[in-house]
> 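Structure provided below as structure tokens; questions to follow.
Chain A is the first sequence line, chain B the second, and so forth, proteins listed ahead of strands; every chain is numbered from 1.
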Amino acid sequence: MIELPKVYIAKEVEDKWYKDWEDKKLFSAKIDPAAKPFCIVIPPPNVTGILHMGHALNNTIQDILIRYHRMKGDQALWMPGTDHAGIATQNVVEKSIAKEKLKRQDLGREKFLERVWVWKEQYGSTIIRQLKKLGASCDWERTRFTMDEAYSGAVKEVFVRLYEKGLVYQGHRIINWCPRCQTALADEEAPHQDLQGNLYYLKYPFKNDPDKFIVVATTRPETMLGDTAVAINPKDSRYKKLIGKELVLPLVNRVIKIIADPMVDKKFGTGCVKVTPAHDPNDYAMGKAHNLEFVNVMYPDARMNEAAGDYKDMDRFEAREVIIEDLREKGLLEKIVPHALSAGHCYRCHTIIEPYLSKQWFVKMAPLAEPAIKAVKEGKIKFYPARWKKVYLNWMENIQDWCISRQIWWGHRIPVYYCKNCPEKIIVSLSAPEKCPDCGKTDIYQDEDVLDTWFSSWLWPFATFGWPFTSHTSQVTRHKSEEELKYFYPTSTLVTAPEIIFFWVARMIMAGFEFMKDIPFKDVYIHGTVRDIEGKKMSKSLGNVIDPLEIINEYGTDALRFSLISITAQGQDVFLSKERFEQGRNFCNKIWNAARFVLMNLEGEAIKTDLCVFFQKEDLDLTNRWILSRFYSTLKELNKNIEAYRFNEAANLLYHFFWHEFCDWYLEMIKHDIKNPQNQVVMFKILEKFLRAAHPFMPFISEEIWQKISPGSGSIMAGPWPHIQEQIIDRKIESKMEIAFLIITGIRNMRSEMEIAPALEIKAVIYAGNKLNAELISSLIPHIKKLARLSDLVVEEKFQHLKSQLTTLVGDMHVSIPLEGVVDIDKELAKLDEKIKKAENDIKAKKNTLSNKNFIERAPTEIVEKERSKLKELEDTLHKLKGVKDGLQ
RNA sequence: GGGCGAUUGGCUCAGUUGGUUAGAGCGCCACAUUCACAUUGUGGAUGUCAUAGGUUCGAGUCCUAUAUCGCCCACCA
């Protein structure tokens, strides 16, 4: 007999087993030609990251897949690592040095980067430690960082290769500029958000007739300082004749021309557009087309610059106010109309983006997109749920060039060098050239900018294996890495959130084709976003965050994982409240106590007995055959659902089987005959196999119990996944038992209705209807008697109408309980009559109310409705009471 | 402007190619406690599956509109 404590205390077992798994290197995967590879690369969390519910969900799903495949015998590799997260990390470290009243410029590039590395060493593994708390079975020895030396080599290699292919180029363009982070951003990094702004109508006087104006409408009046034209639509009859006329730009007194461009919408505003080529992408295009001057009026921090004259040094929004006031004073402001608009916001600091003209590096995307589109269209890569395929294709088919240079310090420095003597010369090279290839001088300096973080993470599925292997010092390790990449690539499944599709998923597919000539992964599982119970995104500023570590602390990791998974329908957002985790905790406790019960009652030999011995003998009774059949049916469904990424279904299968079939029915049935050898073996085997099947979902409790029941047999995670025994699955047996359950429930129901004390044993008669049923029921008599608390159960073939017996129908069988001597029938009848009388009176009263015209007309409709439904309820009750009375007589 | 998702008992949600009587968790009501588990057990109540049409032998599921909510994308100044 093995004894377990009464309550499962997660805290006391989790760390112990995690350490044991790590010590035994159970997470490590290696090349095994005899096994199938199964590989997941983790979406690398930011080094600045701390575990939130999104991570918890994302990594639980990955861990389930990895543990499942590992138990199935695959070489399951979960490649871990972190992302240097350029802007985010730089911001964090800048904040930290700000406490010392320092700016990064005070330290200088080198010193600042030293500080970032120190910070990274100190805090960068926080998220890794937290993933371990979650039970993540990553192959930690492989942990990569996107700024590792080898990884950085891959990034450089890719830049150089793409440059040589003509796919990386430098361009002078309007890009998304974050004035706070002071860097360019890619389009995806500047998501649009709706704003309530104004449309300002400004009057621009004609040069030759200063009393007359043309009126332009703008949402950003401060940019007027940089206007170099006013545009109208060439087909606009109102303004056609004005084309070529000159205006005097107010406040700056620059003479600008009226030009015609088809891009102008006649219907918007006045139909006249101020053109600011240096501050708006459309205006930029017009500026190019019409050969206009480009006047940049802002500093990189969005204060107005010298070109803004008197407004110099004002912030852009302050300048906006002042300019409007100045124009108003001069009578050049026609009106201000409230106007809803949307503007890009920095995805790191939420500052409103300034479209800004600058020189940046870009990747030409269309050629890269082509094979990536094809692969998804042809189904080589599948999205789960499939609807994301459309989102992906839509984006890919309209892909824009990717701005990859960032004006920050933390990141991969662009491998481009310039010669001070040859200003036009661009040297793209993996390492710093010693001298200029043109003039031979050594006055060489590197591009100041770094690369977009995503320009490194798009290589994650293969760069983590050491690609392109140039940094390997020895042939042996190089060979090993190359072989590993061959074995594990393409990886199996990518698990991520929808907002990452463009940033990362799409780009990995492109990089995969470009550099590996193959897809990076076969399946993409997109899970939902974790939200609070009101559907709001969890965020610190809203204060609605549920901290997974707090849940782990309070309820246990398995409770967290199980609860999270069981409510995550494929691809749907998850609405969470703290109470949800009680379900997982309760389930853990149920498993714990069932195991405790089994172990308490287990005799030594059962553990060692081979289940197959019984099967061959075919001498298992109905109950045991039933639970075995149910287990394997469940297992079959479980496999199917895990493989179809239907994790909630999988979790619910485990839950339902264990709680409501194994505990509520099976254990209750065998309880009174628990020392029966076949019950001993079957209950033990089911527990054991269930633990294995539950392990990917609930790794800790399954291991803890496993170790109690199978000491010395190694970790459950290294053991095999239960094998489906098709021959045990028997629908007939299952439906036979279902009939028994219906009978038991029927009797319990009648007992409850008659208010028969639970402890009181009564008699029951089953009129089976035919011989077959009669035989079946007879074999179940002990179970039914026990579970329905019967002193006696008689099975008859033909139904007999007897007095004082309450009957319920189960299929074609009548299940009756004689009430004579059990309840005082006269008393019951009297009670019933009283109830019936009261119901009838109530109904009368309600009907009276409802037939009162005044009431119907004057009372609020909801009150009337309430009265009506009350009446209906009463009528139903009456009907039922009469039914009960009929049965009793 | 385009696209996507959601709408099912009091609450939160499942419901996989259309197929018997639409499920779960939580909550609620009644009963049970020397029994592995009150983080429990037994029983119960609550649904015109958003609305209107259509296809079908059959629709929560498919089609077409409509409404409400949410999300994503987009260069209307």
> Reckon A:His339 has a side-chain N or O less than 4.0 Å from the OP1 or OP2 of B:rA77?
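Looking at the OP1 and OP2 atoms of B:rA77, one of them is under 4.0 Å from a side-chain N or O of A:His339.
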> Roughly how far apart, to the nearest Å, are B:rA59 and B:rU48 at atom C1'?
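These two C1' atoms come out 15 Å apart once rounded.
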> Distance from A:Met224 atom CE to A:Leu249 atom CG, nearest 0.5 Å?
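If we round to the nearest 0.5 Å, A:Met224:CE and A:Leu249:CG are 4.5 Å apart.
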> How would RNA chain B look in dot-bracket form, 5' to 3', counting Watson-Crick and G-U wobble pairs with both distances under 3.5 Å and writing | for bases paired to another strand?
(((((((..((((.....[...)))).(((((.......))))).....(((((..]....))))))))))))....
> What distance, rounded to whole Å, do you find between the two C1' atoms, one in B:rG5 and one in B:rG47?
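Straight-line distance between the two C1' atoms is 23 Å.
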> Check each residue of residues 262-274 of chain A for a non-hydrogen atom within less than 4.0 Å of any atom in RNA chain B, then write out the ones that pass by number, or none.
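Correct list: A:Val264, A:Asp265, A:Phe268, A:Val273.
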> Show me the protein contacts with nucleotides 25-30 of chain B, counting only N or O atoms at under 3.5 Å.
{"residue": "B:rG25", "atom": "OP1", "partner": "A:His660", "partner atom": "NE2", "Å": "3.4"}

> Take atom NZ of A:Lys203 as the centre, draw a 6.0 Å sphere, and report whether it contains more than 12 heavy atoms from other residues, nucleotides or ligands.
yes
> Hey, can you pull the donor-acceptor pairs under 3.5 Å for the side chains in residues 386-396 of chain A, sequence neighbours left out?
{"residue": "A:Tyr392", "atom": "OH", "partner": "A:Ala372", "partner atom": "O", "Å": "2.9"}
{"residue": "A:Asn394", "atom": "OD1", "partner": "A:Asn398", "partner atom": "ND2", "Å": "3.4"}

> Expressed in whole Å, how much space separates the C1' atoms belonging to B:rC13 and B:rA65?
28 Å
> Give me the distance, rounded to whole Å, that separates B:rG60 from B:rG9 when you measure between the C1' atoms they each carry.
14 Å
> Which sits closer to the 5' end of RNA chain B, A:Gln572 or A:Asp280, going by the nucleotide each is nearest to?
A:Gln572
> Look at the aromatic rings of A:Trp592 and A:Tyr8 and report parallel, tilted or perpendicular, splitting at 30° and 60°.
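Because their plane-to-plane angle lies in the 30° to 60° range, the rings of A:Trp592 and A:Tyr8 count as tilted.
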> Using a cut-off of less than 4.0 Å, is there contact between a side-chain N or O of A:Arg646 and OP1 or OP2 of B:rU16?
no
> Taking B:rG23 as the reference, what is the distance to B:rG43 when you measure between their P atoms (whole Å, please)?
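That atom pair is separated by 16 Å.
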> Report the distance from atom CG of A:Leu742 to atom P of B:rU42, rounded to the nearest whole Å.
15 Å
> For A:Glu643, does the CD atom have more than 12 heavy-atom neighbours from other residues, nucleotides or ligands under 6.0 Å away?
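For A:Glu643, atom CD is crowded (more than 12 foreign heavy atoms under 6.0 Å).
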> Provide the distance between the two P atoms, one in B:rC28 and one in B:rU66, to the nearest whole Å.
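Looking at atom P only, B:rC28 and B:rU66 are 43 Å apart.
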> Want to settle it: does A:Cys588 or A:Thr745 sit nearer the 5' end of RNA chain B, counting the closest nucleotide to each?
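Final value for this comparison: A:Cys588.
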> Residues two or more places apart in sequence or in another chain: which of them pass side-chain contact (heavy atoms from CB on, under 4.5 Å) with A:Ala343?
A:Leu195, A:His345, A:Ile352
> Identify each atom pair where a protein N or O and an N or O of nucleotides 32-36 of chain B are less than 3.5 Å apart, giving names and distance.
{"residue": "B:rA36", "atom": "O3'", "partner": "A:Arg596", "partner atom": "NH1", "Å": "3.4"}
{"residue": "B:rA36", "atom": "O2'", "partner": "A:Asn593", "partner atom": "OD1", "Å": "2.7"}
{"residue": "B:rA36", "atom": "O2'", "partner": "A:Arg596", "partner atom": "NH1", "Å": "2.4"}
{"residue": "B:rA36", "atom": "N7", "partner": "A:Lys671", "partner atom": "NZ", "Å": "3.3"}
{"residue": "B:rA36", "atom": "N6", "partner": "A:Glu668", "partner atom": "OE2", "Å": "3.1"}
{"residue": "B:rA36", "atom": "N3", "partner": "A:Asn593", "partner atom": "O", "Å": "3.0"}
{"residue": "B:rA36", "atom": "N3", "partner": "A:Ala594", "partner atom": "N", "Å": "3.4"}

> Tell me, yes or no, whether the heavy-atom count around A:Lys786 atom NZ, taken from other residues, nucleotides or ligands under 6.0 Å, exceeds 12.
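12 or below, so no.
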> If only side-chain N and O atoms of A:Asn749 are considered, is one of them under 4.0 Å from the OP1 or OP2 phosphate oxygen of B:rG44?
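It does, given that an N or O in the side chain of A:Asn749 lies less than 4.0 Å from OP1 or OP2 of B:rG44.
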